[in-house]
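So you know, we letter chains A, B, ... as the sequences are listed, proteins then strands, and number each from 1.
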Amino acid sequence: METQTNSRLADLYAMMRRIRTFEERVGELFVRGQSAGSMLHLSIGEEAAAVGVGTAMRDGDTFTTHHRGHGVFLARGADPRLMMAEIAGKETGYCSGKGGSMHIADMKLGHLGANAIVGGGIPFVVGAGLAARQKSSDSLSVAFFGDGATGQGILYESMNMAALWRLPVLFVCINNQYGMGTRIDNATADPDLYKRAIPFGLRGASVDGTDVEAVAEIAGKMITDARAGKPGFLVVDCYRFYGHARMDKSPYRDDAEESEGRLRDPVIKARETLISRGEIDGSSLDEMDQNIAAEMDATIDFAADAREPQLDSIFDDVYDPSTPPPESVRGRLARILGQRQ
Amino acid sequence: METQTNSRLADLYAMMRRIRTFEERVGELFVRGQSAGSMLHLSIGEEAAAVGVGTAMRDGDTFTTHHRGHGVFLARGADPRLMMAEIAGKETGYCSGKGGSMHIADMKLGHLGANAIVGGGIPFVVGAGLAARQKSSDSLSVAFFGDGATGQGILYESMNMAALWRLPVLFVCINNQYGMGTRIDNATADPDLYKRAIPFGLRGASVDGTDVEAVAEIAGKMITDARAGKPGFLVVDCYRFYGHARMDKSPYRDDAEESEGRLRDPVIKARETLISRGEIDGSSLDEMDQNIAAEMDATIDFAADAREPQLDSIFDDVYDPSTPPPESVRGRLARILGQRQ
Amino acid sequence: MGKTTYRDALRQALSDSMTTDPNVVLIGEEVGRYGGAYGVTKGLIDEFGPDRVIDTPISEPSIVGAAVGAAMSGLRPVAELMYVDFIGMTMDQLANQAAKIRYMFGGQIGVPMILRTQGGTGRSAGAQHSQSLEAYVMHTPGLRLAMPATVSDAYHLLRQSMAQPDPVVFIEHKALYATSGELDDQTPVVPWGKAHVPRQGDDLVIVTYSRQLHYAISAADTLAKDGIEATIIDLRTLNPLDIDTIRTHVERCGHAMVVSEGVMTAGVAAELAARISEECFDFLENPVIRIAGEDIPISVSPLLETNSVPTPELIVDAARMMRS
Amino acid sequence: MGKTTYRDALRQALSDSMTTDPNVVLIGEEVGRYGGAYGVTKGLIDEFGPDRVIDTPISEPSIVGAAVGAAMSGLRPVAELMYVDFIGMTMDQLANQAAKIRYMFGGQIGVPMILRTQGGTGRSAGAQHSQSLEAYVMHTPGLRLAMPATVSDAYHLLRQSMAQPDPVVFIEHKALYATSGELDDQTPVVPWGKAHVPRQGDDLVIVTYSRQLHYAISAADTLAKDGIEATIIDLRTLNPLDIDTIRTHVERCGHAMVVSEGVMTAGVAAELAARISEECFDFLENPVIRIAGEDIPISVSPLLETNSVPTPELIVDAARMMRS
Ligand SMILES: Cc1ncc(C[n+]2csc(CCOP(=O)(O)OP(=O)(O)O)c2C)c(N)n1
Ligand SMILES: Cc1ncc(C[n+]2csc(CCOP(=O)(O)OP(=O)(O)O)c2C)c(N)n1
Ligand SMILES: [Mg+2]
Ligand SMILES: [Mg+2]
């Protein structure tokens, strides 16, 4: 269910609000003890990155995300109920309860997977780009990752390959200023990350991540260039509003910084812009928010009511279903000891 | 045995000539069937990189090299006889015949090891830099590697760390234009490699690798900066005169390019400069060359006559000698089957 | 030191080592300000300063490589890999460099570094944060491998590891950090390379390590009610492997089971089973039984996760089948 | 196709697959212009062009990662790792990504890629270019593992691997490229996942793969002169493992030896020995004997290198000791 309006910004706002509300509900799922584990990384504060880039992509484009990837997936059309069910580890979820928050994926929507390895999904887009070229398709592939992933060498390898082969690929770094407890200036001598891509032959740019229209605009340009064989590296500057994961209270950063950081709010900013431009009034926005809240509320019950995976499904999908599953430890034991009696 | 003259360039020349001649003798060792294997990578054409940087280093500095590292090691004072013996796989060699050409090392000279993994020795200098800092020593550590290693992500990780921690470290890329059969412009969209270091916060520079004085000068400056906490990345541009390894005839590059490339000869250039400046005359240089040739000739016989390793030394030095060596397969077999009879 | 936790005992070992030896430095992601993803290094940066407790960028290959270089330059680095699951990106530095340098260089130098990390299931962390990958390490000559199961070994085995002249991979278990136990500095401790035998019985030997020790102990309690008395061997180190202790008890009991959380095929359980089978062949009345992780990835679903690795119930059932 | 070499048979398999399936692409260092470090891909770039035979920078992690992404996007990539020794830097992409994607994503998609590489001793290439690291792969659920020993399998096993729906690590042996043999397209070939039994005898089963097959055959010839008749099993694939064939022969002979070039501890030989010991316990008259690489790195010295891995003489001696 997507709210459609006549204002482009209002559409972007609606999607950002959906993400914000979804993430808040993920937090509730955890508090209710219904999430599978506590490794839940919320993308609150990063909505403009997800929606700005997401909206610049097309059907048929593919993407990879990271451990903080709920927002991007929603921006690309995910069903929040199936997401929530997956986060709860249920069979009904996108990945049958095996993947969870950090390994969510949907091939139908071009989501080649979230990744719990920092930087792990980056090189996939190089392969996707090669496939597009080989199949003469004009689809593009986007790698989303955090500023922390700029510490991983694989990023530079992949950027080098993308530039060398002129692939339809965009690298998007969501710079929320932190990798766990490490602020970006404690992870590098020069936090102007976008500059690093340029000597490899990519377009490099950085954009204010509170301004969803600005993100959409530059992402659109860079995507056009990338489809034409000039891949890019886009840094979206924003702030991680809350802790690294659900349990982290961010004791390593001071309150002043945090309150200031939370003022960099892409959702509020879009809302204010909409009202000041007169594109939509406050009560319509409230109504929109309430509809979204209702939709997202329902995801929790959906997830809670969803079926648990069957125990013996643990042996499914290690290999293609046409081949025999691995023998269980118990099965082998029974066979070996059984035949001795 | 190092020839000492009153001309600095003549000294640099002498060292370059020693490297050139040594490498030629390595080729002969191979032809005579006395090298251990054929994985011999000659640094002919790259002498100015080795000698220019090597001469700018000090006693107590450390370094790592790559599979084409004979020249650098000689420039830092290696005994060519022990090198040749190692290349022949003899017990007398630097590494008791276990390491060979690609894994030669000498802790006394600060050589933390050649490495057969492209990029493998690069991060060691980060650790060496940390050790210098922790021990308040003013020693510096230099990583030498080829242009091919700029494909490895670990280089960027290590550069980022060195800049972040302001370590006394220099990264030296010996750009001989090829990684095996791949010319640099087939490995990257932008072969101006030195630029990549700058956005990480390092000094970046590139220098003509036929001009040993120029290399020495810039290396000296960058080393001074590095000791003061501003690490650098220096690209020395040169040409790989011969094949990748002893068996490779470089069919992938054309003769014209190759003959032109071989004109970029740092040894000839230094010689001509010396004569044209009147610092030393041709016959003195000839005499110097002959002395060097004689010294290097002797390394072959030295290596040929050197002792083979003892067979049971294969179990030495897997672990510290204070701990028991691994049990041999044969020993275990005898023990297990023996006790059953 | 009295009653403490596995987590605190690890921290104490690091702190004591750092106090005694100025060459000890910690290097890894979040080891400083954050205090370690599992809180092991909390406070150490205040005690020893940021030059000795070094927060790094997210660059696992270079963290291990820097530790190698530091160890060759006279430091005693303790590198931390936040999850053993990330060892894949460091295997070149670990297996081609750290493990082989002494040998390749003809014994000129050793690489006295520690790679501290943690593994195992228990937090619904999914396929890339729940593995037990010690077999990769055990299969690599040149690397020592220590895996503490108890509070006492969290301290003593780490201290022993830090005295080794060769690289040690030290793998903690994420589910053990909060366990508590007695840590006594006075009693003679089990030496490096020797197994510990916390329980002796005549019917069956269970050879295990890390968290599975506790599962084995709980299984043994259950089995005792059936009259099956198990000997339990906690290996502590997988390299060196204390085959003498294993052999002594297996020859005595004639029945052996090995229990490991790692995936069964070509894993630690395979080595232990092969080794016992060849060393104790004439004494075995049953095949050596391998209880190990299923040959599958780990799911986030807690139900699936729990059943992907050995449980006390599985150990009990297997023992009953063996001795029935 | 008649008499050909292991190298040419591999090239033929690649060429035939590329001809049949436009989605097959080769990607790796020096696979194009250079023709492969060992000449396997020579000429393919001329036949199929640089878009399908893709020379890469020296970036192993991203080569494997790009292959994963390509396989998820409808290609059938054959990535090449020049030496299996470099697998350490790719283990994250291989074990955490390629191997687990089908499972983590609940069966939505597979990763039908091949990682072709080569390993083993024989060229005085030293500790970082001579290893046999198949155990890391065998220990990773989700990865298939094929290791051809013969010219026929260089062709047929590679073709079979390329038909698999899951990632296959395909490890050639550097010492086999120049070996020659008969390659017949007509005879029914041994199917995927099934072992081949090139020799049958009643006294002893030798289970092996890759180059050690040839050492085993030569040892068996020697043993036959002493009247010891060996059955030889060439596993061809280590995942799937053809335990049925192994069991049948071991139960018949009562004596088993496993031979692998990889390092002994926690290696493939350990898995095979453990497996045979548990499956055939009541039939074994001797412990299963493991002949494997020594637990050490490989030296460049040819003398040391040769003696760091099994030799035909060692196999003969071991068999004599078993049957004496
Ligand atoms: C290879 C790897 N190293 C470390 C971690 C542990 N870890 C998970 S998230 C994270 C921080 C990542 O920071 P960033 O990339 O900026 O993403 P953010 O969390 O800020 O969205 C770390 C260190 C991991 N999952 N993978
Ligand atoms: C990790 C790794 N990948 C590939 C190789 C195989 N290899 C050896 S040297 C080489 C080319 C290296 O080129 P470069 O770094 O420019 O050094 P050069 O040979 O030109 O001195 C390659 C690909 C290797 N040894 N290690
Ligand atoms: Mg971040
Ligand atoms: Mg080069």
key: Non-hydrogen side-chain atoms of C95(A) and M104(D) separated by less than 4.5 Å   = no
request  = Could you list which of residues 270-281 of chain D have a heavy atom closer than 4.5 Å to any heavy atom of chain A, in residue-number order?
outcome  = R275(D), E278(D), E279(D), F281(D)
inquiry  = Between I336(A), T64(A), T323(A), who has the most heavy-atom pairs with chain D when the cutoff is under 4.5 Å?
reply    = I336(A)
query = Atom CD1 in I27(D), atom CE in M161(A): separation rounded to 0.5 Å?
reply = 6.0 Å
task = Select one option (side chain, backbone, both, neither) describing which atoms of N115(A) are under 4.5 Å from chain D's heavy atoms.
result = side chain
query = Which answer fits I314(A), side chain, backbone, both or neither, if we ask what part of it has an atom under 4.5 Å from a heavy atom of chain D?
reply = both
ask   = For the candidates D166(D), N96(D), I54(D), which exhibits the highest count of non-hydrogen atom pairs separated by less than 4.5 Å from chain A?
value = D166(D)
ask   = At what distance, to the nearest 0.5 angstrom, does CG of L130(A) lie from OG of S73(D)?
value = 9.5 Å
inquiry  = Does any backbone or side-chain atom of A114(A) lie under 4.5 Å from a heavy atom of chain D? Answer side chain, backbone, both or neither.
reply    = backbone
query = With a 4.5 Å limit on heavy-atom distance, are the side chains of R102(D) and P321(A) in contact?
reply = yes
note = Whatever's closer than 4.5 Å to a heavy atom in chain A on L143(D) counts as backbone
message = Could you tell me if E157(A) and S59(D) have a donor-acceptor pair between their side chains, going purely by distance under 3.5 Å?
response = no
message = Can you confirm whether D92(D) sits close enough to I117(A) that some side-chain heavy atom of one is under 4.5 Å from a side-chain heavy atom of the other?
response = yes
query = Any side-chain heavy-atom pair from L164(A) and P57(D) closer than 4.5 angstrom?
reply = yes
key: Contact leader toward chain D among G129(A), S322(A), P324(A), A128(A), where contacts are heavy-atom pairs under 4.5 Å   = A128(A)
key: Most contacts with chain D, counted as non-hydrogen pairs under 4.5 angstrom, among L112(A), V126(A), I104(A)   = L112(A)
request  = Kindly say whether P141(D) contributes a backbone atom to a donor-acceptor pair with the side chain of Y319(A) at under 3.5 angstrom?
outcome  = no
Chain A interface, residue from G107(D), P165(D), G142(D) that has the most non-hydrogen pairs under 4.5 Å = G142(D)
ask   = Within a reach of under 6.0 Å around CZ of R307(A), are more than 12 heavy atoms found that belong to other residues, nucleotides or ligands?
value = no
message = Strictly less than 4.5 Å between heavy atoms, which residues of residues 131-148 of chain A line up against chain D? Please order them by number.
response = A131(A), R133(A), Q134(A), K135(A)
inquiry  = Do Q108(D) and D317(A) make a side-chain contact, defined as non-hydrogen atoms from C-beta onward lying under 4.5 Å apart?
reply    = no
inquiry  = Quick check on V125(A) against chain D: is it the side chain, the backbone, both or neither that has a heavy atom closer than 4.5 Å?
reply    = neither
remark   = Heaviest contributor of heavy-atom pairs below 4.5 Å to chain D, chosen from E91(A), E86(A), R332(A), K108(A), is R332(A)
query = Heavy-atom distance under 4.5 Å between the side chains of P112(D) and D320(A), does that happen here?
reply = no
ask   = Does any non-hydrogen side-chain atom of F124(A) lie less than 4.5 Å from one of I101(D)?
value = yes
query = A105(A), G97(A), G99(A): which one forms the most heavy-atom pairs within less than 4.5 Å of chain D?
reply = A105(A)
inquiry  = Let's test your reading of the structure: which of V68(D), D51(D), N23(D) forms the most heavy-atom pairs below 4.5 Å with chain A?
reply    = D51(D)
message = Side chains of M72(D) and M107(A), heavy atoms from C-beta outward: is any pair under 4.5 Å?
response = yes
message = Heavy-atom cut-off 4.5 Å, strictly under: side chain, backbone, both or neither for T62(A) against chain D?
response = neither
message = Using the rule given for side chain to side chain contact (heavy atoms under 4.5 Å, CB included), can you reason through I243(D) versus E327(A), listing the C-alpha separation, both sets of side-chain angles and the distance that settles it, and then say yes or no?
response = CA-CA 12 Å; I243(D) 187 69; E327(A) 186 177 28; over 6 Å; no
inquiry  = So for N239(D), is it side chain, backbone, both, or neither that comes closer than 4.5 Å to the heavy atoms of chain A?
reply    = side chain
key: Segment of V25(D) engaging chain A (4.5 angstrom heavy-atom cut-off)   = side chain
request  = Would you give the length of the straight line joining atom OH of Y103(D) to atom OG of S313(A), rounded to the nearest 0.5 angstrom?
outcome  = 6.5 Å
key: Top of I58(D), V64(D), I109(D), I63(D) for chain A proximity - count of heavy-atom pairs under 4.5 angstrom   = I109(D)
